[in-house]
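In what follows, every heavy atom counts, from backbone to side chain, and hydrogens, waters and symmetry copies are set aside. Because the structure is predicted, anything quoted here is derived from the model rather than measured.
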Amino acid sequence: MNRKEKKFWRVLQAIFYLIGLVSILLLLNDSFRFLSVLPQTFGRDWFWNVLIFIAPLVFALLPGFWRNICPLGTMSLLPLHYHFSKRHKQSLKQQSNFYLYSIILLYLIVPLRHVETSGLAVAITLIIIALSALLMGYIYQGKSGWCSGLCPVLPVEKLYGIKPLVTLNNAHCAQCINCISPCLDANQILNKTAHISPHSLSMTHLLFVGSFPGFVWGWFQVNDFAQRMDGWQHLGAVYSMPLTGALITLVCFMILKRELSTHELKKLILFFTASAISCYYYYRVPSVLGMTDSAGVFGIDFSDYAHYTRAIQLSITLFFFWWFFARDKIVTWGNKPVFPEKEHLT
Ligand code: SF4
């Protein structure tokens, strides 16, 4: 990466870092009202209905871009870029354990959206996650602690980012120190050939692929207890539906997997990937556009067009099945950085 490009990414990283900080302030404003000109739920609307809404699409289309600018990633790599990381190297066993922990974290955190959604609670959660990212970057070398380690978003990036639109230069790793193996940023998750890389599709990841569509579906079947302010009394209900859904699709996946050839397994993975992301937008798009009973993002109200809901949902599903099945393109998230002669990244 030349100096100009590096500068470009550093500026983008700073901008998205700032967006992260502003988002936390907006969430705090929902609770403390220091910017009373903004509507009461502006921060939550911005966070849930804009940022979280578009995130899966970005993971699917431009995972390399996301890996370059994610504010939490930038936070975790500050120790690397400013040379105060302890740079502990993980064993392969640790890497695989961290991936399992990241899936567990994801499944623990996501249902809590139905329990507590006050601006203060979400802001505190984000601050804790950001400090954890920094700590992991301080302890472990490169991306192994957070971005390719404990980050609870990583399993979703790995699932949806299977057929990216483009390959970009890796803005954090100008040189590679082999912090993780195989590197997610520089290797295809599914190879172009029928062969599937055994590690990149470890049993842990296959368990995630199989369970995630059911988890997403189950999540949307839960009442929004957070709106009623009695979420903590319904923890059982909040976790049981997503986990039951996860178990059902996982069992189906495992039964089918036993019967399939390697090439067919690849198709099955694509089917489960397309199902999970379609399911998410199937429910979210009408809700964000205000086509359901509740108000849309920033008060948008397309309830007069509610009769188009099914057509929109069908188009979304077709789009994602086309994206994952019809396109032949399987590329890496990022170009492989060079191996350095000296042992550190820039
Ligand atoms: S490119 Fe090298 S240093 Fe960067 S994340 Fe991949 S393995 Fe780690």
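Leu318 and Phe325 fall into different hydrophobic clusters, where Ile, Leu, Val, Met, Phe, Trp and Tyr side chains are chained together by heavy-atom contacts under 4.5 Å.
Thr249 is not listed as a side-chain neighbour of Phe212, based on a closest heavy-atom distance of 4.5 Å or more. In this structure, the side chains of Tyr280 and Trp217 stay at 4.5 Å or more apart for every pair of heavy atoms. Annotation: side chain of Asp45 is not in contact with side chain of Val50 (no heavy-atom distance under 4.5 Å).
Paired with Val122 under the rule side chain to side chain contact (heavy atoms under 4.5 Å, CB included), one option of Leu112, Asp30, Leu28, Leu27 passes, and it is Leu27. Checked options Leu135, Leu134, Ile129; the residue passing with Trp146 is Ile129 (criterion: side chain to side chain contact (heavy atoms under 4.5 Å, CB included)).
Aromatic pair Phe53/Trp48: ring centres not closer than 6.0 Å. Ring to ring, Phe298 and Phe42 are close: their centroids are under 6.0 angstrom apart. Ring to ring, Tyr107 and Tyr239 are not that close: their centroids are 6.0 angstrom or more apart. Separation of the His81 and His172 ring centroids falls under the 6.0 Å cut-off. A centroid separation of 6.0 Å or more is found between the aromatic rings of Tyr308 and Phe302.
Ring planes of Phe65 and Phe16: perpendicular class, angle over 60° (limits at 30 and 60°). Between Phe253 and Phe272, the ring planes lie perpendicular to each other; the angle is over 60°, past the 30° to 60° tilted range.
A cation-pi arrangement is present between Lys158 and Tyr99 under the rule of less than 6.0 angstrom and at most 45 degrees off the ring axis. For the pair Arg44 and Trp46, the cation does not sit on the ring face, since its NZ or CZ is not both under 6.0 Å from the ring centre and inside 45° of the axis.
Within a 6.0 Å sphere centred on CZ of Arg327, other residues, nucleotides and ligands contribute more than 12 heavy atoms. Around the NZ atom of Lys86, the shell of radius 6.0 Å holds no more than 12 heavy atoms that belong to other residues, nucleotides or ligands. By the neighbour-count criterion of 12 heavy atoms within 6.0 Å, atom OH of Tyr82 is sparsely surrounded, having that number or fewer from other residues, nucleotides or ligands. Atom OH of Tyr305 sits in a sparse spot, with 12 or fewer heavy atoms from other residues, nucleotides or ligands closer than 6.0 Å.
Between the side chain of Asn68 and the backbone N or O of Asn170 there is no donor-acceptor pair closer than 3.5 Å.
For the residue pair Glu264 / Ser261, a side-chain donor-acceptor distance below 3.5 Å is found, with atom types taken as modelled. Side-chain polar atoms of Gln313 and Ser315 form no donor-acceptor pair below 3.5 angstrom.
Taking NZ from Lys6 and CG from Asn169, the interatomic distance works out to 12.5 Å, rounded to the nearest 0.5 Å. Rounding to the nearest 0.5 Å places CD of Gln90 at 4.5 Å from CZ of Phe98.
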For this session: Evaluate the criterion side chain to side chain contact (heavy atoms under 4.5 Å, CB included) for residue pair Val166 and Leu168; output intermediate values, then yes/no.
Result: CA-CA 6 Å; Val166 286; Leu168 297 171; 4.1 Å; yes
